[in-house]
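Residue numbers run from 1 in the order of the sequence given. All ligand and atom numbering here is 1-based and tracks the order in the structure.
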Amino acid sequence: MVREANGLIDLRSDTVTKPTAAMRRAMAEAEVGDDVLGDDPTVQQLEEVAAQRVGKEAGLFVPSGVMANLVSLMTLTGRNEEVIVGDESHLYTAEVGGLGILGGVFLHVLPNLPDGTIPLERLRRAIRSAVYTPKTRVISLENTHNRCSGAVLPMEYLQQVGALARERGVFLHLDGARIFNAAIALGIDAATIAQPFEVVNFCFSKGLGAPVGSVVCGSRAFIQEARRTRRMLGGGMRQAGVLAAAALVALNEMVERLAEDHQNARLLAEGLANIRGIRIDPARVQTNIVIFEIDPATGWESLRLQQALQQQGVLLSLSGTRLRAVTHYGITRHDIERALSAINALVSGAHAPRKT
Ligand SMILES: *Cc1c(COP(=O)(O)O)cnc(C)c1O
């Protein structure tokens with residue numbers, strides 16, 4: 001395992017993972033060609049294996065998860081159309097509004113519940129096609145749900161939304177950046193989770209540890225069109241096999257170990273729940289993302305706690321008043337214990353800042 005020499009416990013995101021020794025070897029030895037011309041055998045192999053893992057006909061390798069969402073949704077929609085998304089979705093909160101701005105697509109935003117779902121009835125009422133509204137073309141869901149503490153959407157819910165989408169003639173898209181975290185948490189195949197969706201994209205560069213890349217998966221005809229969208233967005237890559245090689249190792253070797261990240265997140269969540277002044281519902285933590293807040297009555301506020309922890313080598317991310325810790329390859333149980341004792345010492349101990 002590649003450990004940081006400086007002893008940092010970096011819980012900002014699972015994107016901070018570095019390629020494993022096996023990935024670096026595979027990258028060095030990858031057979032490559034010009035993928036825009038269709039010549040890269042390693043990219044082709046990755047696209048096939050990835051599509052098969054989520055039960056789709058074909059896949060398309062893209063540089064990032066943001067581009068994967070753009071390629072998926074711009075290919076499914078046209079002007080004067082809309083995509084229904086949750087107000088806590090990555091698509092709506094963290095992608096610079098690109099789908100609206102670059103795609104000319106209207107984002108019809110509905111509130112997410114804390115479990116990452118959008119109530120079925122809300123979706124049913126939102127689908128529209130009147131002459132004075134944009135036409136609803138796609139419902140986009142996120143699983144696991146990043147900003148909802150890594151929530152796993154229940155399979156029954158996905159099937160209900162799938163039935164609604166079919167009944168109303170709209171496409172269903174999954175931002176499955178962490179679909180394997182959902183699969184591991186439920187103990188089922190990613191293909192089962194992906195089944196109700198026409199189009200699914202997922203990341204290799206989060207908990208799976210690859211340095212770069214995501215994949216868009218769907219029918220063969222869809223992927224043929226998606227290839228043009230990727231080209232338009234500047235995402236056609238040449239000897240991309242060096243990247244695809246690492247992603248193949250990620251798929252083959254790094255999925256099962258996500259269970260360890262989930263155990264570590266649970267340990268962290270339960271430890272945090274035992275610290276007076278930390279607000280968290282540990283029951284919400286099903287995968288590798290832990291979101292919590294600090295009660296201002298402790299004398300702390302989130303930014304100062306984040307900074308104080310940083311000085312002790314524990315890195316968290318901050319969004320508004322919410323602190324976020326993400327477990328991943330490279331974070332051990334021992335790291336979690338160290339992080340917990342640092343947080344406990346600050347919040348419960350003599351270090352609490354004087355109120356001003
Ligand atoms: C990280 C993430 C993305 C985007 O991935 P990038 O690699 O940052 O482009 C998309 N959706 C979700 C839910 C994510 O967590």
- Report yes or no: do Phe171 and Val161 belong to one cluster of Ile/Leu/Val/Met/Phe/Trp/Tyr joined by side chain heavy-atom distances under 4.5 Å?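 Each belongs to a different hydrophobic cluster.
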
- Item | Linked, directly or transitively: Val66 and Val16 (ILVMFWY side chains, under 4.5 Å) |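 Val66 and Val16: separate clusters.
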
- Query: Taking the inter-plane angle between the rings of Phe61 and Phe204 on a 0 to 90° scale, is it parallel (under 30°), tilted (30 to 60°) or perpendicular (over 60°)?
  - Reply: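 Correct class here is tilted.
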
- Can you name the side chain to side chain contact (heavy atoms under 4.5 Å, CB included) partners of Arg333, sequence neighbours left out?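 Only Asn264, Leu267, Glu337 meet the side chain to side chain contact (heavy atoms under 4.5 Å, CB included) criterion with Arg333.
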
Show me the short polar-atom pairs for ligand 1: any N or O of it lying under 3.5 Å from a protein N or O, with distances only.
unit_1	atom_1	unit_2	atom_2	d
ligand 1	7 (O)	Gly65	N	3.4
ligand 1	9 (O)	Gly65	N	3.0
ligand 1	9 (O)	Val66	N	2.8
ligand 1	11 (N)	Asp175	OD1	3.2
ligand 1	11 (N)	Asp175	OD2	2.6
ligand 1	15 (O)	Asn146	ND2	3.0
ligand 1	15 (O)	Arg178	NH1	2.9
ligand 1	15 (O)	Lys206	NZ	2.8

- For Leu272, the option from Leu323, Val285, Ile343 that meets side chain to side chain contact (heavy atoms under 4.5 Å, CB included):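 Output: one option passes, namely Ile343.
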
- Message: Does Arg231, at its CZ atom, have more than 12 non-hydrogen atoms belonging to other residues, nucleotides or ligands within less than 6.0 Å?
- Response: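 Incorrect, the count does not exceed 12.
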
